[in-house]
Amino acid sequence: TSTQQILQNQNKNALNATLLYSLGDIIEYTAFYDNKKTIISDSPVADKSYVIEFQSCIDFNNNIYKVTKVGTQWWMAENLKSDNYSNGSNISGKYKYANSTENETIYGKLYTWAATMNGDAGNNDLPSTAHGICPQGWHVPSEIEWDTMRDFLGGWQQMGGKLKEAGLAHWVAPNTDATNASAMNVRPGGLRWDDGTYQYIGEKALFWTATDDLFNVDINNASGYTFFSATPAASYYLYTWDLKVLGKSVRCVMD
């Protein structure tokens, strides 16, 4: 079947395009306006008009990030890859990593928790008070902000599938439950161990939160979220508690 999709920007200029798809498919739209990129996902059953909102998400290195709205939260729809903090200071090579230019383009960079927080205190506030490594106007999400998104997406059994990029272009098999219904396009950047080795690229997406020492157990650890390709965890996430010296991916949420 086919449908006529109408995308409108803030100037109310319409762009018409006829797309072929099967009913039940999730279609992803990327809209561009004035150095802003917004992604939405939908599964339309008839002609439909979309009104697109735009938010600016640009780091000091002029990387323009796609964004998406999940519930009431605006999230980056791709992994951070900045070399500098928003004030222009360089992120030390001791704290940011990319094991190849190709992987950096696809998965972004990996950062230690210290680089992610940039001296801001760990917290579990809603919203987080840690601007950290994020572009101006954005912040490092706390554990409770990730939980807010989880609850909006239907809970822990559905969150992973709705966040992950579908298919096997960047995930290893099976990745069978991924739908990317949230338009978050989560990709598996893997992990950098503190001995300098890399693991899980293509298999796991690991993200830092702004929350550390939540249970007063170990100040050397911070919380995070991990998403998998392998079944039966393809739709699930794993709440993790890892050493801050490890390199993980970062997603930011708008202030």
Side-chain angles (χ1 to χ4, degrees), residues 24-30 37-43 53 55 57 65-81 103 106-111 116 126-128 134 138-191 200-211 222-242 248-254:
D25 287 350
I26 295 176
I27 301 176
E28 179 181 297
Y29 307 95
T30 301
K37 302 177 185 178
T38 296
I39 299 180
I40 61 171
S41 290
D42 194 19
S43 184
E53 297 179 75
Q55 304 293 344
C57 187
Y65 296 94
K66 298 175 183 177
V67 301
T68 187
K69 194 173 186 180
V70 185
T72 59
Q73 300 170 307
W74 281 95
W75 286 79
M76 289 172 52
E78 52 189 314
N79 295 344
L80 191 74
K81 52 187 175 184
N103 280 338
I106 297 171
Y107 304 111
K109 283 187 168 68
L110 304 180
Y111 303 88
T116 301
L126 182 65
S128 163
C134 296
W138 296 71
H139 62 267
V140 182
S142 63
E143 182 181 313
I144 196 170
E145 286 181 285
W146 276 93
D147 289 349
T148 298
M149 177 168 61
R150 174 202 64 196
D151 295 343
F152 176 79
L153 294 176
W156 66 274
Q157 289 183 310
Q158 299 186 49
M159 181 186 192
K162 290 181 178 179
L163 291 180
K164 293 189 302 172
E165 179 185 76
L168 303 179
H170 302 117
W171 286 89
V172 299
N175 200 35
T176 51
D177 294 343
T179 66
N180 195 31
S182 66
M184 282 281 284
N185 284 294
V186 165
R187 292 179 177 178
L191 182 74
Y200 306 127
I201 294 175
E203 299 176 43
K204 298 180 182 180
L206 301 100
F207 298 97
W208 284 123
T209 80
T211 307
S223 71
Y225 279 80
T226 301
F227 303 94
F228 302 85
S229 175
T231 53
S235 286
Y236 304 162
Y237 75 86
L238 175 67
Y239 168 78
T240 56
W241 192 251
D242 291 320
K248 292 185 177 185
S249 300
V250 173
R251 293 286 180 102
C252 302
V253 64
M254 195 172 72

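What you see below is based on every heavy atom in this structure, not just the backbone, and it leaves out hydrogens, waters and symmetry mates.
When every heavy atom of P141 is checked against every heavy atom of R251, the shortest pair comes out as CD-O, 3.1 Å. Listed here is the closest heavy atom pair of A77 and I39: CB-CD1, 3.9 Å. In terms of heavy atoms, P174 sits closest to A230 at CD-CA, 3.9 Å. In terms of heavy atoms, F227 sits closest to G160 at CD2-CA, 3.7 Å. The minimum heavy-atom distance linking L153 with S182 is given by the pair CD2-CB, 4.2 Å.
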(Q) Let's go through T148 and L126 carefully: what are the C-alpha distance in whole Å and the side-chain angles of both, what is the deciding distance for side chain to side chain contact (heavy atoms under 4.5 Å, CB included) to 0.1 Å, and is it a yes or a no? (A) CA-CA 9 Å; T148 298; L126 182 65; 4.0 Å; yes
Q: Kindly determine whether V186 and W171 satisfy side chain to side chain contact (heavy atoms under 4.5 Å, CB included), including the steps that lead there.
A: CA-CA 10 Å; V186 165; W171 286 89; 4.2 Å; yes
Q. Between H139 and V253, is a side chain to side chain contact (heavy atoms under 4.5 Å, CB included) present by the stated rule, with each step listed?
A. CA-CA 6 Å; H139 62 267; V253 64; 3.0 Å; yes
**Q.** Verdict with reasoning, M254 to V67, per side chain to side chain contact (heavy atoms under 4.5 Å, CB included)
**A.** CA-CA 9 Å; M254 195 172 72; V67 301; over 6 Å; no
Q.
Let's go through C252 and C134 carefully: what are the C-alpha distance in whole Å and the side-chain angles of both, what is the deciding distance for disulfide (SG to SG under 2.5 Å) to 0.1 Å, and is it a yes or a no?
A. CA-CA 6 Å; C252 302; C134 296; 2.2 Å; yes
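Distance alone, capped at 3.5 Å, is enough to place a donor-acceptor pair between the S41 side chain and the N180 backbone. R187 contributes a side-chain N or O that, together with a main-chain N or O of I106, makes up a donor-acceptor pair within less than 3.5 Å. At least one donor-acceptor pair under 3.5 Å links the side chain of S229 to the backbone N or O of V172. For T211 (side chain) and S142 (main-chain N/O), no donor-acceptor pair under 3.5 Å exists by modelled atom type. Panel note: side chain S128, backbone V140; a donor-acceptor pair is recorded below 3.5 Å. When atom types are taken as modelled, the side chain of T38 and the backbone of E53 share a donor-acceptor pair closer than 3.5 angstrom.
The aromatic ring centres of W146 and W75 sit less than 6.0 Å apart. When ring centroids are compared, W138 and Y65 stay outside the 6.0 Å threshold.
For the atom pair CD1 of I40 and CD of E28, the computed distance is 9.5 Å after rounding to the nearest 0.5 Å. Residue D147 holds its CG atom at 7.5 Å from CE of M159, rounded to the nearest 0.5 Å. Atom-to-atom distance recorded for W74:CH2 and T72:OG1 is 11.5 Å, nearest 0.5 angstrom. Here the OG atom belonging to S249 is positioned 10.0 Å from the CE atom belonging to M76, to the nearest 0.5 angstrom. To the nearest 0.5 Å, the span separating CD1 on I26 from NZ on K162 amounts to 8.5 Å. A distance of 5.0 Å separates CG of L163 from CE of M149, quoted to the nearest 0.5 Å.
A 4.5 Å side-chain heavy-atom check between D242 and K248 finds at least one atom pair inside the cut-off.
Aromatic ring orientation, Y107 versus H170: perpendicular (interplanar angle above 60°, classes split at 30° and 60°).
With 3.5 Å as the limit, one finds no donor-acceptor pair spanning the side chains of K66 and N185.
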